[in-house]
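The next block holds one structure in the form of structure tokens; read it before the comments.
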Amino acid sequence: MSDPLLLPPTTGVSDALLEGLNPQQREAVLYRGQSLLIVAGAGSGKTSVLTRRIAGLLQSREAWPSQILAITFTNKAAAEMRERVRGLIGEAADGMWISTFHSACVRILRRQAEAMGMKQSFTIYDTADSRALMKRIIKELDADTLGFTVGGALSRISRLKNELTDVEAFARTANISDPKEAVLLEIFRQYTAALRRANALDFDDIISETVFLFRAFPEVAALYQKRFRHVLVDEYQDTNHAQYALVRELVQPPRFAEGSGERPLPGASLTVVGDSDQSIYAFRGADIRNIVEFERDFPHSKVILLEQNYRSTQNILDAANAVISNNFDRKAKNLFTVVGSGEKIVGYTGYSGHDEAQFVADEIEKLRDAGASYNDVAVFVRTNSQTRPLEEIFIRSAIPYRIPGGTKFYERAEVKDAMAYLIQVANPDDDLALRRIMNVPKRGIGPATEAAMQAHAERLGMPLREVLRDAPQLGLGPKVTTAIVELGELLDEIGATVATAAPADILTALLTRTGYHQSLKNSGDPQDEARAENLEELVSQAKEFRTANPEGTLIDFLTGVALFAAADEIDDHDGSVSIMTLHTAKGLEYDSVFLTGLEEDLLPHRMSVNEAGGLAEERRLFYVGITRARKRLFLSLAASRASFGDVSVAMPSRYLAEIPGELIEWRQSAGGGFRGGAQGRLRAAPMRDSYSLPPAPKQKTEWTTPITNKVRDNGDLTLAVGDRIRHTDFGDGRVTAVTGAGPKAVAEVQFEQAGRKRLLIKIAPIEKV
DNA sequence: TCCGCAGATATTTTT
DNA sequence: TATCTGCGGA
């Protein structure tokens, strides 16, 4: 221990770094030892502790920035943590690795690509890519006759990879006499082989291949074991087995070659932070045991509990505590706060999803009238499909909103096409990418031609890309042959610039020279026009990327896009309400939170009810949602919900009954909203605290008025203060104010029945009377 | 090869 | 409710 970098802390950590911390937090910042588990309840200031701990290590010179590896759950969290550390101690923070598991592993794998038998230019398959590949394999093997589905096979394989079971290992353990197992093995084998051939990795590979790399090449592992002296992992409760194994590898004492003369080093110190009550990714292989059994895995580790909550009011915490206490086999935790009980939780039962959405919109406007900013409000949903009615009502009410990860930009067909061009140029081995763009824009290369090329490629064992050059030998029509050869030449030519050119320039060259952009612009279809605009947006994103990363290559850009997550696009200052899934909401906090769709079959979700541990996990999801709220929490549900064309009756979520009745003030309860038997499960939404019974059901025609998908357009209808209007849902009213101009003009209307509303004049379902 | 139509089909959460 | 698939005709 003569190394000055490994000395125990002296007085190196300044008081400023410890300012405002409670004793447990302070200990978590200052503790020095081999392994530390920080059990951080919701809102207990763990990010602050983690950043100060890192800052302390740097400030006291116990570590250089390059010796720090911090793993966060999202890229955005990583960027924020980096900023905060920099803010605490200045530039000395540069050189740290703060990133997600996936980003860190890709970085390692690119450096060591050769060792693992891949090219440095490997591409990353997202879920859609994996699905496309799996679809082909299942079709080819006729595996659907045995009941295999694309999703099913992929999730089996994903689980195997998360358990670090590769094809060989699975072949050894699989029960081959079971025909289904045998076919699964074959699917796994072909899937793996196809990825290899394409020089590509899927999301799970990124982690597992890194572990395999470290195990197969101890000298490579030693590189990182020597380098990283402090490994910190946030959200540890959501790590899967492969990630756990990776952490274990990283904190192993580095093994040195015989006679290298290097001094032995202890393993890196490990700090993990997490809360088993917030584990919500079991479906992705997250294993709660990683955190529960941490002390067994890493003997002599120190455990620090952070139980004081600095985020929420006592009412919100009481609700959260009451709910989560229904999960048995958990270590009791007792979150407390000193800020006081705060406002009551507000409950609301709508007639339909639209009614519920209207409630949310109305309450948001009230909050805004009371001085809140849209940024301070978030609306949570269980499933992505729930966002639609919310969007429709928000548009009508002129409430600015964002849906991080909603209709994902990078998942749109035209954007994927453009990305496939880039991928094919960066990684010519990627057949999947080439197949996607071969006939986009239309070149007359149909399925028959593709099959001929595929056969040729297989015969000669070459990637599809090389077949483009051999096209004249395939005996196809002259027109098609020319088209193929020209495509090949274009890709080759642009491919030659990849190492030096800026991503945006490469993309622009591809989009113009193939005529893809132009073909969309000229088509006359308004949808194609929007698609062309999306391509332009992609170009400008590529430009932005280069501005942010002046050295960034095409490969870097592709990696960034592949690992871009929903939570990364949350902007806290853009003046809009965020609508997101409960999963995306993890780690975030808002003054006001709306938890919507609190119904059976939605939360808990129908699909989870029969899964082992499913109900407990859904409850944790509910818990995560509740604990995001700082001051105000709204719980809402609908008595009927439209799903896939028809409407079904919804029951209140069983979890609602777990919240003590006195904490909730029901604006409109299930009491009258649900017709029929008021017994049994209906008790779940308490009636005794009903504040007001819902009005008699409206005329059927009124509340089933379909809110059409196509945006209504009132042309250049203009309204002035004093105008009387009629709204299809709200009835008659009088305009009290008009703000904004042109298509964004907003009218404030005092309705006779429905109260005051804000409406976007151009699209609201209104007419002057 | 391309286009349009009819009918089937899926239906959680995500790096 | 979309989105995808398969089929027949141009």
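Every chain is numbered from 1, with letters handed out A, B, ... down the list of sequences. Worth knowing before you read on, the calculation uses all heavy atoms, side chains too, and leaves out hydrogens, waters and symmetry mates.
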(Q) Applying the 5.5 Å / 30° rule, does A/F283 stack onto the base of B/dT13? (A) yes
Atom CD of A/Q237 and atom C1' of B/dT13 are separated, to the nearest Å, by 15 Å
Contacts of A/D528 meeting salt bridge (charged side-chain N to carboxylate O under 4.0 Å, His left out) (sequence neighbours excluded), chain-then-number -> A/R531
ask   = Within the structure, does a side-chain N or O atom of A/N384 lie under 4.0 Å from either OP1 or OP2 of B/dT14?
value = yes
The ring pair (Phe, Tyr, Trp, His ring centres under 6.0 Å) partners of A/Y236 (sequence neighbours excluded) come to A/F294
Sequence neighbours excluded, the answer for side-chain contact (heavy atoms from CB on, under 4.5 Å) partners of A/D126 is A/A128, A/D129, A/F203, A/K416
Across all chains, not counting sequence neighbours, the side-chain contact (heavy atoms from CB on, under 4.5 Å) partners of A/T482 are A/E486
Can you tabulate the close N/O pairs, meaning under 3.5 Å, that link protein atoms to atoms of nucleotides 7-10 of chain C?
none

Produce the list of close N/O pairs, under 3.5 Å, pairing protein atoms with atoms of nucleotides 5-10 of chain B; give distances to one decimal.
none

Those residues at least two apart in sequence (or on a different chain) that pass side chain to side chain donor-acceptor pair (under 3.5 Å) with A/H517 are A/E536
Q: Report which part of the nucleic acid A/K586 touches: base, sugar-phosphate, or nothing (heavy-atom distance under 4.0 Å, all strands).
A: nothing
Taken in chain and number order and not counting sequence neighbours, the residues that satisfy side chain to side chain donor-acceptor pair (under 3.5 Å) with A/E209 are none
Rounded to whole Å, CD of A/E611 lies from P of B/dT12 at a distance of 11 Å
Rounded to whole Å, the CD-P distance (A/E617 to B/dT14) equals 12 Å
Quick one: does A/R606 reach the base of B/dT12 with a side-chain donor-acceptor pair under 3.5 Å?
no
Among the nucleotides B/dT13, B/dT15, B/dT14, whichever has the atom closest to the side chain of A/R382 is B/dT13
A/I280 CD1 to B/dT12 P, in whole Å, measures 17 Å
side-chain contact (heavy atoms from CB on, under 4.5 Å) filter on A/F564, not counting sequence neighbours, yields A/Y410, A/D568, A/E569
**Prompt:** For B/dT14, does OP1 or OP2 lie under 4.0 Å from any side-chain N or O of A/T581?
**Reply:** yes
Numerically ordered, the residues 444-452 of chain A set in heavy-atom contact under 4.0 Å with DNA chain B is A/G444, A/G446, A/A448, A/T449
| message | Determine whether the aromatic ring centres of residues A/F283 and A/Y281 are separated by less than 6.0 angstrom. | response | yes
message = Tell me whether A/R620 forms a cation-pi arrangement with A/Y623, defined as NZ or CZ under 6.0 Å from the six-membered ring centre and within 45 degrees of its axis.
response = no
Check whether any side-chain nitrogen or oxygen of A/N439 sits under 4.0 Å from OP1 or OP2 of B/dC2, and answer yes or no.
-> yes
Side-chain contact check for A/Y281: nearest option of B/dT15, C/dT5, B/dT14 is B/dT14
Q) Between A/R388 and C/dA2, does any side-chain N or O lie under 4.0 Å from OP1 or OP2? A) yes
Here the distance between atom C1' of B/dT14 and atom CG of A/D202, to the nearest Å, is 13 Å
- Task: For A/F101, report the nucleic acid contact type (base, sugar-phosphate, nothing); a contact means any heavy atom under 4.0 Å.
- Result: nothing
Checking C/dC4, B/dT12, B/dT15 against the side chain of A/E618 (C-beta onward), the nearest is B/dT12
Rounded to whole Å, the CG-P distance (A/L563 to B/dT15) equals 10 Å
With respect to the phosphate group of B/dT14, does any side-chain polar atom (N or O) of A/T584 fall under 4.0 Å of OP1 or OP2? yes
Contacts of A/A471 meeting side-chain contact (heavy atoms from CB on, under 4.5 Å) (sequence neighbours excluded), chain-then-number -> A/T481, A/I484, A/V485
For A/T123, the side chain to side chain donor-acceptor pair (under 3.5 Å) test, sequence neighbours excluded, returns A/N427, A/D430
Distance col, row A/L154:CG vs A/K135:NZ, nearest 0.5 angstrom, shows 12.0 Å
Separation of B/dT12 atom P from A/E600 atom CD, nearest Å, is 17 Å
Query raised in the report: Would you say a side-chain N or O of A/K139 is under 4.0 Å from OP1 or OP2 of C/dT5?
Result: no
query: With a cut-off of under 6.0 Å to the ring centre and 45° to the axis, is A/R110 in cation-pi contact with A/F122?
result: yes
To the nearest angstrom, the NZ-C1' distance between A/K442 and B/dC3 comes to 10 Å
